[in-house]
Amino acid sequence: MDAFFASVEQRDNPELRNKPVIVGGVSERGVVSTCSYEARKFGVHSAMPMFMAREKCPNGIYVSGRYGRYTKVSQDVFKILNEVTPLIEQVSIDEGFLDLSQGKIKDGMEAARYIKNKIYREVELTLSIGISYNKFLAKLASEWNKPNGIKEITKDMVPDILMPLSISKIHGLGKVSVAKLNNMGIYYIKDLYNMPKEFYTEYLGKSGIEIYDRIRGIDNRKVEIVRERKSVGKEKTLKTDTKNKEELLEYIREFSFEIEDVLSRKNVVGKTVTLKFKTKDFENHTRSKTLNNYIGTNSEIYRVAEELLESEELKEDVRLIGVSISSFKETEVEQLSLL
């Protein structure tokens with residue numbers, strides 16, 4: 001989806017249309033969740049501290065996130081996607097992969113136009129769609145013509161179409177690896193493409209061969225529908241490391257709504273909440289709390305995760321934050337008597 005949270009706000013309130021809208025924690029210590037394309041022209045982006053966004057865009061309209069509303073709109077969008085194919089891998093509240101091999105519409109461009117037209121007509125939002133023969137290239141294509149774009153990458157375009165792109169566009173290459181390669185003078189895919197295969201494993205470790213394959217148009221990952229999950233969670237690598245708990249709690253609040261959405265669709269509740277964070281030196285930390293009762297609402301999940309975070313003394317800046325819930329049971333359905 002295009003600037004999803006901000007677009008929902010602009011749709012729901014016509015006075016916000018064509019204006020720089022910034023969604024997130026509205027306090028000075030908050031963080032930007034999403035901003036409209038009008039705000040991006042000023043240099044505002046997601047994960048930016050709110051005080052910095054106000055400096056860059058003083059005339060912007062700052063809106064506190066309504067994550068319950070975004071979850072409902074997301075459900076409307078995915079209902080339309082399910083009309084096209086049952087093979088959907090939902091990556092986040094506003095993004096997913098579709099495998100058309102068993103779908104009602106098997107042609108990529110035809111499916112893309114159907115989806116875009118129906119979502120615009122019924123949900124009144126725009127999205128950008130990438131079409132290709134594997135996940136890496138489809139994801140890459142989806143970012144090509146944003147907003148409201150369609151891009152198809154066919155086999156005969158590869159690898160030429162990839163050569164001018166920055167190596168930061170390669171799925172699986174993190175910020176540290178990109179910086180490491182930049183220090184060697186490797187900035188573009190064409191620079192990396194010409195390196196011997198041994199270079200990939202030596203400098204990029206376990207993921208080296210995957211990177212080698214991807215820039216040659218090879219990605220064998222399947223679109224996976226996760227039917228049984230031992231846990232439901234959401235995590236995010238931050239664009240800017242921080243140990244500001246107010247900023248981290250904004251992410252936790254957003255995650256809690258997304259987790260509630262998944263739990264409600266699966267008709268389950270859980271009793272173990274886990275907080276995960278990774279510090280700037282790549283050290284992983286997890287903290288869990290198992291409750292006596294089962295929970296499933298965003299407010300309950302947030303409250304436990306908040307308690308776990310507040311009990312931590314953050315000595316190092318955090319680069320990744322995540323929340324998950326586990327120890328499930330199905331939601332009980334009570335049969336009411338007509339009498």
Side-chain angles (χ1 to χ4, degrees), residues 1-71 73-74 77 91-95 123-130 139-140 142-149 151 165-166 168-169 171 174-175 178-179 182 234-258 280 317-322:
M1 302 302 293
D2 296 325
F4 183 49
F5 297 169
S7 295
V8 172
E9 296 298 339
Q10 289 176 318
R11 184 199 72 173
D12 289 356
N13 182 355
E15 292 181 7
L16 300 181
R17 290 174 189 174
N18 303 314
K19 293 179 182 176
V21 175
I22 297 96
V23 179
V26 293
S27 70
E28 284 301 310
R29 300 179 69 187
V31 66
V32 176
S33 290
T34 314
C35 61
S36 67
Y37 285 92
E38 293 84 359
R40 294 180 193 193
K41 293 175 184 175
F42 293 89
V44 181
H45 57 74
S46 60
M48 175 179 280
M50 197 59 79
F51 77 87
M52 195 179 294
R54 291 183 188 278
E55 288 174 3
K56 289 181 177 290
C57 189
N59 296 320
I61 300 167
Y62 292 82
V63 179
S64 183
R66 298 181 299 150
Y67 300 106
R69 178 64 176 152
Y70 309 145
T71 296
V73 176
S74 171
V77 168
V91 177
S92 67
I93 194 171
D94 66 339
E95 184 178 356
V123 190
E124 298 179 60
L125 292 175
T126 66
L127 71 162
S128 295
I129 298 179
K139 164 72 173 166
L140 189 65
S142 73
E143 297 168 351
W144 210 279
N145 294 320
K146 268 189 164 292
N148 199 21
K151 174 72 174 177
L165 302 180
S166 164
S168 62
K169 295 284 188 183
H171 177 77
K175 285 191 296 183
V178 168
N182 286 169
K234 176 75 177 172
E235 62 182 46
K236 186 167 188 174
T237 300
L238 313 182
K239 287 191 175 177
T240 306
D241 299 347
T242 183
K243 55 183 173 185
N244 184 321
K245 289 186 178 179
E246 291 291 328
E247 290 181 25
L248 297 172
L249 285 170
E250 288 296 333
Y251 288 107
I252 289 172
R253 182 174 286 109
E254 181 181 328
F255 298 162
S256 300
F257 277 93
E258 295 193 37
K280 66 179 183 180
D317 283 352
V318 171
R319 73 183 308 272
L320 176 146
I321 186 78

Counting distance only, does the side-chain N/O of R319 pair as donor-acceptor with the main-chain N or O of T240 below 3.5 Å? no
Quick one: side-chain hydrogen bond (donor to acceptor under 3.5 Å, both in side chains) partners of E235, sequence neighbours excluded? K276
Supply the atom-to-atom distance N182 CG to K175 NZ, rounded to the nearest 0.5 angstrom. 13.5 Å
Nearest non-hydrogen partners of R54 and Y62, listed with the distance: CA-OH, 3.2 Å
Contact summary for F257 and T71, nearest pair of heavy atoms: O-OG1, 3.7 Å
Residue pair S7 / Y37, side-chain heavy-atom distance below 4.5 Å: no
Side-chain contact, heavy-atom cut-off 4.5 Å: V123 with R11? yes
Sequence neighbours left out, cut at 3.5 Å: what donor-acceptor pairs do the side chains of residues 38-51 make with other protein atoms?
unit_1: E38; atom_1: OE1; unit_2: S36; atom_2: OG; d: 3.1
unit_1: R40; atom_1: NE; unit_2: C35; atom_2: O; d: 3.2
unit_1: R40; atom_1: NH2; unit_2: C35; atom_2: O; d: 3.2

How far does CD of E258 sit from NZ of K234, to the nearest 0.5 angstrom? 4.5 Å
Using every non-hydrogen atom in the two residues, find where E9 and V21 come nearest and quote the distance to one decimal. CB-CG1, 4.5 Å
Taking atom CG of L238 and atom CD of E247, what is their separation to the nearest 0.5 Å? 8.5 Å
By salt bridge (Lys or Arg N to Asp or Glu O under 4.0 Å) - contacts of D317 (at least two apart): none
The test is side-chain contact (heavy atoms from CB on, under 4.5 Å); show your working for L140 and L165 and say whether it passes. CA-CA 10 Å; L140 189 65; L165 302 180; 3.8 Å; yes
Set of residues satisfying ring pair (Phe, Tyr, Trp, His ring centres under 6.0 Å) with respect to F5, sequence neighbours excluded: Y67, Y70
Kindly write out the residues that satisfy side chain to side chain contact (heavy atoms under 4.5 Å, CB included) with K139, not counting sequence neighbours, or none if the list is empty. E95, F97, S142, E143
Any chance you could measure K236, atom NZ, to S33, atom OG, to the nearest 0.5 Å? 7.0 Å
Using every non-hydrogen atom in the two residues, find where V31 and E250 come nearest and quote the distance to one decimal. CG1-CB, 3.5 Å
In chain order, what residues pass the salt bridge (Lys or Arg N to Asp or Glu O under 4.0 Å) check against K146, with sequence neighbours excluded? D2
Would a 4.5 Å heavy-atom cut-off, applied to side chains only, mark L125 and F4 as touching? yes
